[in-house]
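Every chain is numbered from 1, with letters handed out A, B, ... down the list of sequences. None of these values were measured; they are calculated from a predicted model.
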2 protein chains.
Amino acid sequence: MDNTGIVLSTEERILAAAAKVFRLRGFDGARMREIADEAGINKALLHYYFRSKDLLFERVFRASAAEYFGSLRTILRSEATLREKVIRLCDQYITTGIEQPYIAVFIITEANRKGAGFVTRIQSEEGVLPDFEPFRLQIAEEVAAGRIRPVNPEQLMMDILGLCLFPVIARPMMQRMLGVSDEGFREAMAQRRDRIPKMIIDSLYNPAG
Amino acid sequence: MDNTGIVLSTEERILAAAAKVFRLRGFDGARMREIADEAGINKALLHYYFRSKDLLFERVFRASAAEYFGSLRTILRSEATLREKVIRLCDQYITTGIEQPYIAVFIITEANRKGAGFVTRIQSEEGVLPDFEPFRLQIAEEVAAGRIRPVNPEQLMMDILGLCLFPVIARPMMQRMLGVSDEGFREAMAQRRDRIPKMIIDSLYNPAG
DNA sequence: GTCTATATATGGATAGAC
DNA sequence: GTCTATCCATATATAGAC
């Protein structure tokens, strides 16, 4: 029974605990002991359910990636206008970045870890990373029709994600460098929710500078 | 003797090896054994020179942070125009991001690690993170004089760093999602070196969209 | 299914010879 | 200053009772 009032099975409690610990500490920093404590069970039971740390991690990472990229996939392949997609993307990732900052850091950090075969493997699985093709096509159409300035879809996607996610990922460093409090950071991110889409859309629709 | 032909002291070789291993694997993933091997010496000698893994890491992290933020500090407090600073910043961090991708990942990852007291401490030390004040003032002056559109200096800095650094940090994920080869990634980054400053400067100098 | 106890491996760190 | 050998703590994983 967690704070939702819903009774979770042992397996579910383990997965929830593992997600919490792995996201906070990463694979190398996580301890099976801490996961067991967090789940309120015994270390041995972790192995009974998931056999090894690797396998448990794999489950957590796959679920995290699917969850984190799910909204990206949905937005990219929706029927919305380009303008609308940019707004939704920024809103989604900035909101998540404020409320659950660990997920983004977790996924990106683990993707950079060397000798982590499964991470690469999982990211190659169907349905984990979004299909970029629909978005690419949509951009091409808009450009061809002369409705937006010519732009490379890959560059545009890097712009959007960079502007939204970088502050979340580099948060400790940025707050320190810029001298911003936790509250100040949240305010800055709230500003960005309006600022970034405007900036992107301006650069697409305005005459060249 | 490394490939520069310069004879390094044992201490220097250890530091070089430690930097390589820590940057690649992070604190938790790094093994003293691997550092010793990389330096061509014995594990015991690591402790003779640096006493503990923590202390060795601290040296490496401080040096890495100083090196990585050094150019940022220099650029921010230089006498260059705003336009010029933006161009130099982007050039600096995109070039470094292509040639030495591990440093950015290392610093940001470690800054996010929980229970790593020294990281916070080191970042608070004088001369590690750049002083943001000169840049803030310069922006304020430009805005006051009506030479650029009103802009929040913190937002601007997050924009610049996000646009330049995010692709470097999220590289494995981005390449996979966008379907880009290593060579393609380098080309994309080269494009960004021109693209980002233009984008930033446009948004500062052009009439509002 | 869940626990206690234990096996086995490995990591950081130290002792002591040279 | 550098090495070999070893200590000690801790991590993952398993055995076996209940």
Of the non-hydrogen atoms in B:His47 and B:Ser52, which two are nearest, and what is the gap between them?
CD2-CA, 4.2 Å
Identify, residue by residue, the members of residues 25-37 of chain B with a heavy atom below 4.0 Å from DNA chain C, and return them in order of residue number, or none.
B:Ala30, B:Arg31, B:Met32
Between B:Lys198 and B:Asp202, does any side-chain N to carboxylate O distance fall below 4.0 Å?
no
Could you walk me through whether A:Gln92 and A:Thr96 satisfy the side-chain hydrogen bond (donor to acceptor under 3.5 Å, both in side chains) test, starting with their C-alpha distance in whole Å, then the side-chain angles of each, then the deciding distance to 0.1 Å, before giving a yes or no?
CA-CA 6 Å; A:Gln92 168 67 32; A:Thr96 312; 3.1 Å; yes
State whether a side-chain donor-acceptor pair under 3.5 Å links A:Thr120 with A:Gln123.
no
Assess the residue pair A:Leu72 and A:Leu89 against the criterion (side chain to side chain contact (heavy atoms under 4.5 Å, CB included)); give the C-alpha distance rounded to whole Å, side-chain angles, the decisive distance to 0.1 Å, and a yes or no.
CA-CA 7 Å; A:Leu72 182 53; A:Leu89 266 179; 3.1 Å; yes
Looking for any heavy atom pair under 4.0 Å, which part of the strands does B:Tyr48 touch: base, sugar-phosphate only, or nothing?
base
Over all heavy atoms of both residues, which pair between A:Val151 and A:Ile148 is shortest? Give the atoms and the distance, please.
CG1-CD1, 4.0 Å
Least distance between heavy atoms, B:Ser64 atom then B:Phe106 atom:
OG-CE2, 3.8 Å
What is the distance from CD1 of B:Ile14 to P of C:dA13, rounded to the nearest Å?
14 Å
Hey, which of these two, B:Thr10 or A:Lys43, hits DNA chain D nearer its 5' end, going by closest nucleotide?
B:Thr10
For DNA chain D, which nucleotides open and close the run of contacts to chain B, 5' to 3', at under 4.0 angstrom from a non-hydrogen atom?
D:dG1 to D:dT4
Residues in residues 53-65 of chain A with a heavy atom under 4.0 Å of DNA chain D, by number, are A:Lys53
Looking at B:Arg193, I'd like to know if its CZ atom is crowded, meaning that more than 12 non-hydrogen atoms belonging to other residues, nucleotides or ligands lie closer than 6.0 Å.
yes
Taking it one step at a time, do B:Glu34 and B:Arg25 satisfy salt bridge (charged side-chain N to carboxylate O under 4.0 Å, His left out)?
CA-CA 10 Å; B:Glu34 190 178 357; B:Arg25 307 210 185 276; 2.8 Å; yes
Six-ring centre of A:Phe185, A:Arg192 cation under 6.0 angstrom, axis tolerance 45°:
no
Rounded to whole Å, please give me the gap between CG in B:Asn42 and P in C:dG12.
14 Å
